There are 2 protein chains.
Amino acid sequence: MRYAPTHKEEARTRLVEATGALAKQKGFSATGVDSFMAAAGMTSGAFYAHFRSKNELLEAIVANELQRSAQLFAAPTREQALEVLRGYLSHAHVEHPESGCAVPALAPEIARAGAATQHAFEQGMGALQASFRALVDDDAKAWALVSQLVGAVVVARALPSGPARAAVLEGATRQMELLLGEPSRES
Amino acid sequence: MRYAPTHKEEARTRLVEATGALAKQKGFSATGVDSFMAAAGMTSGAFYAHFRSKNELLEAIVANELQRSAQLFAAPTREQALEVLRGYLSHAHVEHPESGCAVPALAPEIARAGAATQHAFEQGMGALQASFRALVDDDAKAWALVSQLVGAVVVARALPSGPARAAVLEGATRQMELLLGEPSRES
DNA sequence: GTCTATAGTAAGATAGAC
DNA sequence: GTCTATCTTACTATAGAC
């Protein structure tokens with residue numbers, strides 16, 4: 001063959017990374033296969049050498065994105081983990097979905113996708129929640145924390161930038177610190 | 001004219017109601033104008049007598065849906081308000097987006113829409129948050145509560161039905177009751 | 001494996017009859 | 001105001017050359 005044996009999986013990896021960023025930014029179903037492939041430096045014809053359908057790509061994106069997020073949240077110390085959580089509720093995260101968490105950006109589209117995509121999501125969320133359990137008392141609080149973080153970013157992004165958006169992030173941050181039993185920061 | 005003077009606004013109201021349900025279920029950008037109009041018992045040609053573009057419809061849906069939600073949350077007594085909140089975190093709400101809250105269903109698409117849509121969302125959320133302020137101590141907690149509710153439904157819907165989904169709703173419900181200073185229910 | 005080219009369908013939006 | 005019919009563009013997916 002004219003390509004190295006590792007070429008295909010490397011290309012697929014680049015594909016999933018590039019299309020993941022674009023999907024988080026513009027939305028998955030709102031983005032065409034042409035645009036996805038252009039973002040990865042290829043043309044649409046090559047797409048189906050890697051995926052049987054567009055839906056299969058979403059499945060791969062979900063698995064890849066949640067794996068990346070799980071690595072981020074698996075911080076070695078509690079203080080580092082807290083910094084990651086504060087960053088999650090930052091204006092920077094709200095303003096840059098393309099480099100942020102896939103959950104607030106894609107969850108409703110995952111909910112409308114097939115069972116395979118939802119199961120990929122469940123598996124990814126399991127790994128994520130494991131990191132959260134190390135920070136709070138029990139399972140229920142870990143899920144509450146996940147919901148708090150995701151909901152705040154979802155609502156903040158739908159609001160225009162301004163005081164309301166800031167208030168959502170501020171309110172969620174305080175509640176998060178309460179949930180974690182940490183004293184609220186000044187600044 | 002061949003139609004009653006009130007016909008247009010009545011038709012527009014039916015249109016916004018029917019398309020709102022469909023948008024919440026299938027996604028706004030994933031649904032075509034043809035499908036939207038069919039849901040309202042009309043054909044696509046009539047659409048542009050009511051809206052200048054598809055985006056303008058989303059704006060109208062957002063305003064209408066949040067107004068309906070604000071009425072729901074403006075419960076007369078605290079106990080009734082609590083029942084509404086528990087219903088928000090119910091399996092029924094997760095399983096029926098078409099008759100549920102527009103925020104978890106459409107927020108990411110609102111975030112990607114134009115400034116006009118985001119401002120319609122901001123106005124609607126202002127009315128909603130006013131109802132929440134009556135239930136908690138301060139402004140920050142009201143936003144935290146909103147985030148908690150929205151995030152739990154967003155995450156629960158993306159998960160397949162099963163123990164993980166139930167745990168998300170359960171965890172968020174407990175956290176909500178803590179936030180409201182209410183004792184946790186048995187059952 | 002990736003390209004160009006294209007089939008076939010569906011999208012958003014408009015025109016003209018009633 | 002709503003219909004049918006249509007324009008134009010974009011979509012998902014496939015075919016065949018390299």
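The structure presented is a predicted model; accordingly, all values stated were derived computationally and were not measured. Throughout, a chain's letter reflects where its sequence line sits, starting with A, and its residues are numbered from 1.
- Distances shown here put a side-chain N or O of A:Tyr48 below 4.0 Å from the OP1 or OP2 atom of D:dA13.
- Between A:Val146 and B:Val168 the shortest side-chain heavy-atom distance does not fall below 4.5 Å.
- The side chain of B:Ala46 has D:dC3 as its nearest neighbour among D:dC3, D:dA13, C:dG1.
- Protein atom CG of B:Leu15 is 11 Å distant from nucleotide atom P of D:dC3, rounded to whole Å.
- Closest to the side chain of A:His50, from the set C:dT2, C:dG12, D:dC11, is C:dT2.
- Distance, B:Leu58 CG to C:dG12 P: 13 Å, rounded to whole Å.
- Between A:Glu98 and A:Lys26 the shortest side-chain heavy-atom distance does not fall below 4.5 Å.
- At the heavy-atom level, B:Ser29 lies nowhere under 4.0 Å from the strands shown.
- Here the C1' atom of nucleotide D:dA13 and the CD atom of A:Glu56 are 13 Å apart, to the nearest Å.
- Taking atom CD on A:Glu10 and atom C1' on C:dT2, their separation rounds to 15 Å, with Å as the unit.
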TODO: Start with the C-alpha gap between B:Thr77 and B:Gln80, add the side-chain angles, then the distance that decides, and say whether side chain to side chain donor-acceptor pair (under 3.5 Å) holds.
DONE: CA-CA 5 Å; B:Thr77 74; B:Gln80 281 175 310; 3.2 Å; yes
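- Picking from D:dA13, C:dT2, C:dA13 the nucleotide with the shortest atom distance to the side chain of B:Ser44 gives C:dA13.
- Residue A:Phe47 contributes atom CZ, which lies 9 Å from atom C1' of D:dT12 at whole-angstrom precision.
- In this structure, NZ of A:Lys54 is placed 8 Å from C1' of D:dT12, rounded to the nearest angstrom.
- Contact between the side-chain N/O atoms of B:Thr43 and the OP1/OP2 oxygens of D:dC3 is found at a separation under 4.0 Å.
- Note on A:Gly32: only backbone sugar-phosphate atoms sit closer than 4.0 angstrom, heavy atoms only; bases stay farther off.
- At whole-Å resolution of the value, CZ in B:Phe51 and C1' in C:dT14 are 18 Å apart.
- Closest contact between the side chain of A:Ala11 and the listed nucleotides C:dT2, D:dC3, C:dG12 involves C:dT2.
- Nearest to the side chain of A:Lys8, among D:dT2, D:dT12, C:dG1, sits C:dG1.
- Between the CE atom of A:Met37 and the C1' atom of D:dC11 there is a distance of 15 Å, rounded to whole Å.
- Side-chain N/O atoms of B:Glu10 and B:Thr13 include no donor and acceptor closer than 3.5 Å.
- When each of A:Glu59, A:Arg12, A:Glu17 is checked for a side-chain contact (heavy atoms from CB on, under 4.5 Å) with A:Asn64, only A:Glu17 meets the rule.
- Of the listed nucleotides (D:dT2, C:dT2, C:dA11), D:dT2 has the atom at the smallest distance from the side chain of B:Ala49.
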